[in-house]
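Notes for the one structure printed next.
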Amino acid sequence: MLITDCSNPSKNPLLEPWDTPFQTPPFDLIKNEHFKPAFIEAMDQAKSEIEDIAKNDEPATFKNTIEALETSGELLDRVGSVFGCLNGANTNDELQKISSEIEPLRTKHADDMYLNHTLFTRINDVYMAQASLDLNDEQKILLENTYLRFVRRGAKLNEMDQQKLRAINQELSDLYVKFDQNHLQQTTALGLVIEDKDGLVGLPTDVIEAAAELANARGQAGKWAFSLQRPSFTPFLVHSERRDLREILYKAYINRCDNNDEYDNKAIISRIAALRVDRAHLLGYENHADYTLERNMAKVPENVYQFLGELWEPALRRAKIELADMQRLAELEGATFKIQGWDWWYYASKVKHEKYDLDEAALRPYFQMESARAGAFDVAEKLYGIQFVKRNDIQVYHPDVEVFEVLEADGQHLGIFYTDYFPRDGKGSGAWSSSFREQSNIDGKFVTPLVYNVGNFAKPTKNDPSLMSLGHVTTLFHELGHGLNSLFENTTYAGSRRVPRDFVELPSQIMENWATDPAVLKTYARHYQTGEPIPDALIEKIVTSQQFNQGFRQVEYLAASFLDMDWHMLTEAVDQDASTFERDSMEKIGLIPEIAPRYQSTNFGHIFGGPGYSAGYYSYIWAAVLDADAFQAFKETDLFNKELAHSFRRNVLSRGSNDMMAQYVKFRGREPKVEALIARLGLE
Ligand SMILES: [Zn+2]
């Protein structure tokens with residue numbers, strides 16, 4: 001392979017030992033051009049490590065095969081995780097180009113490993129002999145995970161089918177990259193540019209300021225611009241009195257990547273769905289959902305449909321009541337139209353004001369980002385005794401990123417935690433948590449985790465600090481929950497911690513309960529100017545309004561979950577018209593036209609931007625049943641019950657298991673009940 005530039009690996013910081021505090025990535029030295037050669041070098045290195053394992057003359061043992069495989073590819077993990085972070089949170093044309101070039105190579109690299117016959121024979125030997133091996137519980141889990149990962153990636157297929165599988169994986173990997181790039185382009189695109197002040201009627205000052213800054217940044221100084229990122233889109237739909245403009249922005253939003261232009265994702269989706277069917281068939285499954293769910297708590301699609309169905313009826317019933325409430329209010333104000341999708345946020349906000357008198361804007365001064373973050377840290381400190389200490393000596397990839405060292409109660413170093421909370425061009429939408437390095441402890445070498453949280457919360461303006469919405473505050477707590485999960489991991493092997501997709505949101509979602517608990521709000525929600533704690537009256541309103549609009553929220557979420565499942569129940573690899581498919585799918589469940597699924601197929605990044613949440617978007621509410629039930633245990637005793645927290649950390653957060661239900665039962669003393677969630681959402 002010809003490498004044109006930066007081919008001297010000794011000059012590449014991604015390939016050097018990191019002589020930084022806690023071996024954190026040396027972002028000051030890492031440049032875009034380092035990634036491609038580093039990937040190539042790291043893949044070569046991983047490949048030769050794998051070859052050494054496969055060609056070992058000794059008989060296969062747990063140590064020389066399973067554990068050796070677990071420790072291979074360390075450099076590739078390192079390069080991949082830094083690149084993944086930057087390409088998600090701070091991307092540019094150059095990184096995207098590298099991504100397009102590297103992803104197919106990484107897919108090939110992975111397939112070369114999973115389809116390496118000599119290697120699999122050794123894994124299989126160890127797996128078959130396990131009854132006679134003296135393995136501890138964690139080693140047994142690692143062995144099973146490794147074996148199944150290979151089988152599920154095609155290790156048992158014959159040569160010809162393996163070739164087919166490789167081709168499918170290669171094509172999928174290209175399609176994911178294309179889907180994501182189109183998605184990012186259309187989400188950061190401007191959905192509305194306002195040229196005269198008439199278009200601003202109803203908008204609060206901070207929204208107008210942010211719109212002016214966005215227009216300025218996009219070369220349209222003197223105008224006001226709104227992108228299709230939620231922090232820009234949502235406030236406009238909530239506040240704008242210009243129904244015509246709301247309609248324009250709303251339609252731009254739900255039509256992302258569905259405009260029959262170069263960024264259209266319809267054909268890409270159809271092809272992804274078909275390839276997933278082909279792959280499922282090759283591996284002996286009827287459809288992609290069967291293949292995916294096998295290793296989840298839900299096990300089979302029927303369980304998911306039944307579960308979603310139980311929530312769908314009460315949610316839809318509630319949404320129709322909400323719609324009627326809004327229609328009545330609109331008519332009282334003299335409206336002669338029927339409420340449409342682009343009216344929902346606007347009138348919902350009015351109903352909220354009328355019923356609960358809760359003005360979201362009045363809350364923001366109490367939710368300065370720094371206070372909300374300190375509040376979230378404080379919850380973790382009270383529950384688990386840990387501490388977050390600000391560090392200014394650790395390099396970051398953007399000035400908005402801040403770094404904390406996380407310590408145990410006794411001062412022992414636990415890991416490093418980065419926060420990157422403000423939206424900017426080149427950052428994907430939404431919020432997420434990930435790691436530059438995962439915890440492990442092989443041969444007495446304890447590796448501590450480097451964890452980061454990314455969000456798109458209110459950016460400070462010229463005049464104000466970051467004043468967050470309540471929704472973004474709960475998201476901040478949510479992502480910290482994922483972060484704690486990574487920070488608390490305490491196993492020998494990272495590979496023994498596989499947790500099912502439908503479990504993984506429990507650690508994050510449970511934190512949201514503390515975010516909005518009155519006693520906790522009192523501690524961190526302080527006015528950014530006066531320092532006064534949030535008044536009881538506002539807390540009361542937050543609590544009572546929590547069930548507000550839950551019909552809408554659950555319906556849009558559940559609709560997207562059904563859509564995801566339907567795409568992955570296909571049993572024939574034939575072209576689908578994505579629009580028709582989506583319409584049919586939504587008709588089947590009786591979705592009302594005033595509500596769109598939370599994502600349309602063409603911008604459903606969770607399921608089409610990668611393997612991610614395909615046949616797994618339902619996981620959020622599945623995990624919600626668990627988090628509501630788990631939080632109930634704290635509420636029944638003490639919000640900061642240290643003993644319970646300790647058990648939650650030990651049984652649920654610190655280790656993976658192939659039976660997470662059993663782990664949960666160890667914590668709760670019984671299986672979860674759905675009642676706590678139904679009550680919380682007010683859907684009885
Ligand atoms: Zn999450």
Side-chain angles (χ1 to χ4, degrees), residues 5-6 8-39 41-42 74-96 98-99 102 369-370 373-374 377 386-407 412-428 431-440 445-457 459-460 466 476 479-480 482-484 486-487:
D5 59 341
C6 281
N8 182 354
S10 69
K11 293 270 196 278
N12 190 328
L14 290 165
L15 300 172
E16 298 283 293
W18 289 347
D19 187 20
T20 46
F22 311 105
Q23 290 81 55
T24 43
F27 287 113
D28 294 352
L29 299 175
I30 297 171
K31 305 282 173 261
N32 291 344
E33 64 266 26
H34 292 132
F35 282 105
K36 198 173 168 189
F39 267 122
E41 168 66 23
E74 197 185 325
L75 185 63
L76 183 56
D77 288 346
R78 178 163 96 163
V79 177
S81 63
V82 173
F83 182 78
C85 171
L86 296 186
N87 196 35
N90 207 31
T91 196
N92 51 48
D93 290 348
E94 217 176 321
L95 288 178
Q96 294 204 356
I98 297 168
S99 171
I102 290 298
M369 181 279 278
E370 287 79 3
R373 184 177 57 193
F377 287 172
I386 57 171
Q387 314 159 51
F388 290 79
V389 180
K390 183 87 202 288
R391 298 282 300 221
N392 296 310
D393 57 341
I394 290 174
Q395 298 175 26
V396 294
Y397 55 88
H398 187 278
D400 285 350
V401 182
E402 294 183 72
V403 189
F404 300 84
E405 181 183 2
V406 189
L407 304 165
Q412 195 195 324
H413 176 80
L414 193 58
I416 293 294
F417 182 65
Y418 301 71
T419 65
D420 175 9
Y421 285 157
F422 305 134
R424 59 175 167 263
D425 292 346
K427 186 187 268 195
W432 62 95
S433 176
S434 189
S435 305
F436 295 118
R437 185 174 71 214
E438 287 189 84
Q439 183 274 336
S440 66
K445 193 178 149 231
F446 199 99
V447 175
T448 56
L450 307 174
V451 181
Y452 60 88
N453 275 184
V454 180
N456 278 284
F457 310 142
K459 199 176 161 59
S466 168
L476 187 156
E479 298 307 332
L480 178 64
H482 283 304
L484 290 175
S486 306
L487 287 161

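One is the number of the first residue; the rest follow in order along the sequence.
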Worksheet item: Out of Ile98, Ile102, Leu95, which residue meets the side-chain contact (heavy atoms from CB on, under 4.5 Å) rule with Asn87?
Response: Leu95
Using a 3.5 Å distance criterion without hydrogens, assess whether the side chain of [X] forms a donor-acceptor pair with backbone atoms of [Y].
X	Y	result
His482	Glu479	no
Arg424	Ala89	yes
Lys427	Phe422	yes
Ser81	Asp77	yes
Arg78	Leu14	yes
Asn32	Glu94	no

Student check: side-chain heavy atoms of [X] and [Y] closer than 4.5 Å:
X	Y	result
Pro13	His34	yes
Leu450	Ile416	yes
Val403	Lys390	no

Between [atom1] on residue [X] and [atom2] on residue [Y], distance to nearest 0.5 Å:
X	Y	atom1	atom2	result
Glu33	Asn12	CD	CG	9.0 Å
Leu75	Glu41	CG	CD	7.0 Å
Ser434	Tyr418	OG	OH	12.5 Å
Cys85	Asp420	SG	CG	7.0 Å
Glu438	Thr448	CD	OG1	12.5 Å

Item to complete: Go through Ser433 and Asn453 one step at a time and tell me if the side-chain hydrogen bond (donor to acceptor under 3.5 Å, both in side chains) criterion holds.
Response: CA-CA 4 Å; Ser433 176; Asn453 275 184; 3.0 Å; yes
Fill in: Check: Phe83 ring centroid to Phe39 ring centroid under 6.0 Å
yes
Discussion item. Between Phe377 and Phe404 (judged by ring centroids, cut-off 6.0 Å), do the two rings come close enough to count as a pair?
Written reply: yes
Closest heavy-atom contact between [X] and [Y]?
X	Y	result
Pro449	Ser486	CG-O, 3.7 Å
Val406	Leu487	CG2-CD1, 3.9 Å
Val451	Gly483	CG1-CA, 3.7 Å

Worksheet item: Can you list the residues that meet the side-chain contact (heavy atoms from CB on, under 4.5 Å) rule with Asp425, with sequence neighbours excluded?
Response: Arg218
Determine whether more than 12 heavy atoms belonging to other residues, nucleotides or ligands lie under 6.0 Å from atom [atom1] of [X].
X	atom1	answer
Lys445	NZ	no
Gln387	CD	yes
Asp393	CG	yes

Donor-acceptor contacts under 3.5 Å from residues 21-30 side chains, at least two apart:
| unit_1 | atom_1 | unit_2 | atom_2 | d |
| --- | --- | --- | --- | --- |
| Thr24 | OG1 | Pro21 | O | 2.8 |

Practice prompt. Evaluate the criterion side-chain contact (heavy atoms from CB on, under 4.5 Å) for residue pair Thr20 and Gln395; output intermediate values, then yes/no.
Written response: CA-CA 9 Å; Thr20 46; Gln395 298 175 26; 4.2 Å; yes
Item to complete: Could you point out which residue of Trp18, Phe417, Tyr452 forms a ring-ring contact (aromatic ring centres under 6.0 Å, His included) with Phe436?
Response: Tyr452
Worksheet entry | Polar contact flag, side-chain donor to acceptor under 3.5 angstrom, Thr419-Arg373 | yes
Fill in: No-hydrogen, no-angle side-chain donor-acceptor test under 3.5 Å, Asn456 and Tyr421
no
